[in-house]
Amino acid sequence: MSTPEIQSVLSQMRQLAADAGGVSRSGSTDGRGGFAGGFAGELRASLERINGLQQAAGEQARAFQAGDPNVSLPQVMVDSQKASVAFEMGVQMRNRLVSAYKEIMNMQV
């Protein structure tokens, strides 16, 4: 995986975070006192956002099935698709990271 591809994935993750309402806070500390910036922090934050989208979509689907009048079918479908797209992006990101790792491990030193 080349640097432009990595930058592309990171920009997609940032765009997804902005669309989900979360703002990346580079330079902040995580709950355990460690530095939350960098690749690992961004990866963890994006996975948490994907998980949040999936949980929200599940909750809305359950509320719709229970007959909640405040939840409409179009809302449920849109949130479900957002969660699905976010999950698929996470899977593709994982695939690219694994591919890059394998490529690095196969390099001759």
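Because the structure is predicted, anything quoted here is derived from the model rather than measured.
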Would you mind listing the cluster partners of [X]? Hydrophobic ones only (ILVMFWY), side-chain contacts under 4.5 Å, chaining allowed.
{"X": "Val98", "result": "none"}
{"X": "Val85", "result": "none"}
{"X": "Val78", "result": "none"}

Working to the nearest 0.5 Å, report the span between CD of Glu48 and CG of Leu43. 10.0 Å

What is the distance from atom CG of Asn51 to atom OG of Ser46, rounded to the nearest 0.5 Å? 11.5 Å

Donor-acceptor pairs are to be reported for all side-chain atoms of residues 54-69 against protein atoms at under 3.5 Å, with residues two or more places apart or in another chain.
from  : atom 1 : to    : atom 2 : distance (Å)
Gln60 : NE2    : Asp79 : OD2    : 3.4
Asp68 : OD1    : Asn70 : N      : 3.0

Can you name the closest pair of heavy atoms from Lys82 and Leu53 and give their distance? O-CD1, 4.4 Å

With sequence neighbours excluded, residues passing side chain to side chain contact (heavy atoms under 4.5 Å, CB included) with Glu88: Gln92

Side chain to side chain contact (heavy atoms under 4.5 Å, CB included) involving Ser84 - partner list, sequence neighbours excluded: none

Examine Leu47 and Phe39 and state if one hydrophobic cluster contains both, with Ile, Leu, Val, Met, Phe, Trp and Tyr joined whenever side-chain heavy atoms are less than 4.5 Å apart. yes

